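In what follows, a single structure is set out as structure tokens and then discussed.
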Amino acid sequence: SRMDESLPICLYTADIGEEIQARVELEKAMTGALERNEFQLCYQPQVEASSGKIIGAEALLRWHSPDLGPIGPETFIPVAEQSGLINSLGEFVLRKACDDLKLMKEAGLEHIRIAVNLSPLQFANMSLADDIAEILKSSHIEPSRLELEVTESTLMRNMNTAVEAMMNIKKHGMSLAIDDFGTGYSSLKHLQLFPLDCLKIDKCFTRDIEDKSSLEITLSVIDLAKRLNLRIIAEGVETDAQAKFFRLHRCDELQGYLFSKPIPAQALIELMKEQAEV
Ligand code: C2E
Ligand code: CA
Ligand code: CA
Ligand code: CA
């Protein structure tokens with residue numbers, strides 16, 4: 001009957017309704033959250049594969065909403081993108097990362113490199129590179145200490161302006177990494193056009209390294225990156241076997257829970273100081 005046919009549609013609508021409701025709630029909680037200092041930046045160490053020494057770290061946003069509790073970036077970044085908050089949030093991240101780089105420099109850790117994620121909207125802003133260069137200059141930080149991570153899908157989304165935006169970043173001497181590589185659709189031709197310094201192998205390949213097909217893909221990605229003279233960072237390294245694999249195949253850096261979870265800046269500084277002592 002008609003009743004029966006409409007039932008699933010009603011349920012479906014209810015689900016979407018719930019989703020919208022959740023979004024609205026998130027957006028509401030995010031309004032003013034930056035001003036209330038609810039966002040924090042953590043750092044996940046990136047270790048040199050050959051020595052195990054921390055040589056860099058990726059800045060990762062954390063949000064603890066007093067009303068909703070801790071919420072992951074995978075949930076709130078897309079909402080921030082849609083509400084426009086991403087611009088001020090992105091600026092907060094860049095400023096904080098530069099402040100922390102300065103702290104590290106003052107603690108005698110001058111050689112650390114900090115990587116910051118850029119959202120698609122930030123990347124599409126043509127004055128971004130100039131703005132970042134300003135921040136670096138005012139904090140007296142060598143531009144090469146900052147690496148900007150752009151995902152493969154962000155690059156493919158803005159193909160016509162992507163190369164120009166990347167050239168601007170390179171012009172100022174910052175480092176450029178392609179993130180989540182292997183999950184999008186860029187071709188060898190695209191990769192050759194992009195002025196990249198570094199390629200990050202997505203954690204889904206690391207996770208499935210025991211699979212024959214995943215193994216073959218990972219090996220060809222490593223080979224491709226080497227041919228293009230890119231530094232390679234393997235992400236999501238959780239086990240000794242995975243670390244061993246990437247060392248064997250001469251990846252430059254490793255990042256993952258095996259070494260450390262993302263931690264506050266001060267904890268990172270302590271960790272690096274400890275390493276410097278041994
Ligand atoms: P991503 O850039 O791919 O960051 C790596 C994610 O993998 C992080 O999740 C990190 O905590 C997680 N991870 C690290 N090691 C391991 C491991 O060994 N195993 C597993 N399973 N996961 C690991 P997180 O912090 O939840 O961030 C998720 C995503 O949110 C990031 O993915 C990035 O796309 C985005 N994000 C985080 N912070 C920012 C930011 O400041 N700006 C922008 N635009 N995006 C951000
Ligand atoms: Ca990243
Ligand atoms: Ca990644
Ligand atoms: Ca990701």
Side-chain angles (χ1 to χ4, degrees), residues 30 33-34 38-47 54 56-64 70-100 113-125 128 132 146-155 157-158 175-184 186 196-209 218 221 225 231-243 245-246 251 253-265 267-268:
M30 277 175 95
L34 196 53
E38 290 171 15
F39 290 99
Q40 205 202 346
L41 211 51
C42 277
Y43 295 92
Q44 185 172 40
Q46 298 172 324
V47 309
I54 299 171
E58 177 177 4
L60 293 159
L61 255 180
R62 295 291 175 260
W63 178 31
H64 197 287
I71 295 164
E74 234 116 28
T75 306
F76 69 74
I77 295 278
V79 179
E81 280 252 323
Q82 247 145 0
S83 70
L85 181 72
I86 195 69
N87 292 309
S88 44
L89 200 54
E91 192 185 324
F92 161 80
V93 170
L94 283 161
R95 288 194 185 280
K96 188 72 174 73
C98 288
D99 281 352
D100 289 337
R113 181 195 62 230
I114 297 291
V116 166
N117 292 286
L118 294 183
S119 80
L121 262 181
Q122 276 181 291
F123 185 68
N125 169 8
L128 178 81
I132 300 173
L146 184 70
E147 182 152 272
L148 300 172
E149 293 191 6
V150 186
T151 66
E152 190 182 13
S153 58
T154 297
L155 291 178
R157 202 198 292 198
N158 307 293
S175 181
L176 197 57
I178 187 166
D179 196 8
D180 297 353
F181 190 79
T183 60
S186 55
L196 296 164
D197 300 285
C198 173
L199 181 151
K200 298 190 80 178
I201 298 178
D202 192 74
K203 54 179 178 284
C204 68
F205 295 108
T206 305
R207 188 193 54 210
D208 298 337
I209 210 84
T218 307
V221 167
R231 205 171 78 242
I232 306 169
I233 303 180
E235 278 195 306
V237 178
E238 294 181 355
T239 68
D240 283 317
Q242 290 164 348
F245 171 87
F246 288 115
C251 286
E253 294 168 36
L254 311 174
Q255 181 184 345
Y257 297 159
L258 179 65
F259 305 98
S260 170
K261 283 187 181 166
I263 51 176
L268 176 69

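Atoms within each ligand, like the ligands themselves, are counted from 1 in listed order. Every heavy atom of this structure was used, including side-chain atoms; hydrogens, water molecules and symmetry mates were not. Residue indices begin at 1 and follow the sequence shown. In this text, all values refer to a predicted model and were calculated from it rather than measured experimentally.
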Show which atoms of ligand 1 fall inside a sub-4.0 Å distance from at least one heavy-atom site of [X].
X    : result
Q44  : 14 (C), 15 (N)
P73  : 24 (P), 25 (O), 26 (O), 27 (O), 28 (C), 30 (O), 36 (N), 37 (C)
V237 : 18 (O)
P262 : 11 (O)

Flag the pair [X] / [Y] as yes when at least one side-chain heavy-atom distance between them is below 4.5 Å, and no otherwise.
X    : Y    : value
F123 : L148 : no
E149 : D180 : no
L61  : F92  : yes

Can you give me the closest heavy-atom contact between T183 and F205, atom names plus distance?
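That closest heavy-atom pairing would be N-CE1, 4.4 Å.
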
Considering all heavy atoms, the nearest A33-F39 contact:
CB-CE1, 3.7 Å

Answer yes or no: is there an ion pair linking K200 with E147, defined by an N-O contact shorter than 4.0 Å?
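No, no charged N to carboxylate O under 4.0 Å.
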
When E58 is tested against each of Q44, Q46, Q255 for side-chain hydrogen bond (donor to acceptor under 3.5 Å, both in side chains), which residue passes?
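The passing option is Q255.
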
Closest to the Ca ion (ligand 3), which N/O/S atom of D180 is it?
OD1

Closest to the Ca ion (ligand 3), which N/O/S atom of E235 is it?
OE1

If I apply the N/O under 3.5 Å rule, does [X] come out as touching ligand 1?
X    : value
E149 : no
L118 : no
Q255 : no
Q122 : no

Ligand 1 contact by E58, heavy-atom criterion under 4.0 angstrom
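E58 counts as a contact of ligand 1 under the 4.0 Å cut-off.
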
Tell me, please: is K200 in heavy-atom contact with ligand 1, that is, under 4.0 Å?
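No.
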
Answer with yes or no whether the side chains of Q122 and N117 bring together a donor and an acceptor at under 3.5 Å.
no

Closest approach to the Ca ion (ligand 2) by D179, given as the N, O or S atom name:
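The Ca ion (ligand 2) is closest to the D179 atom OD2, counting only N, O or S.
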
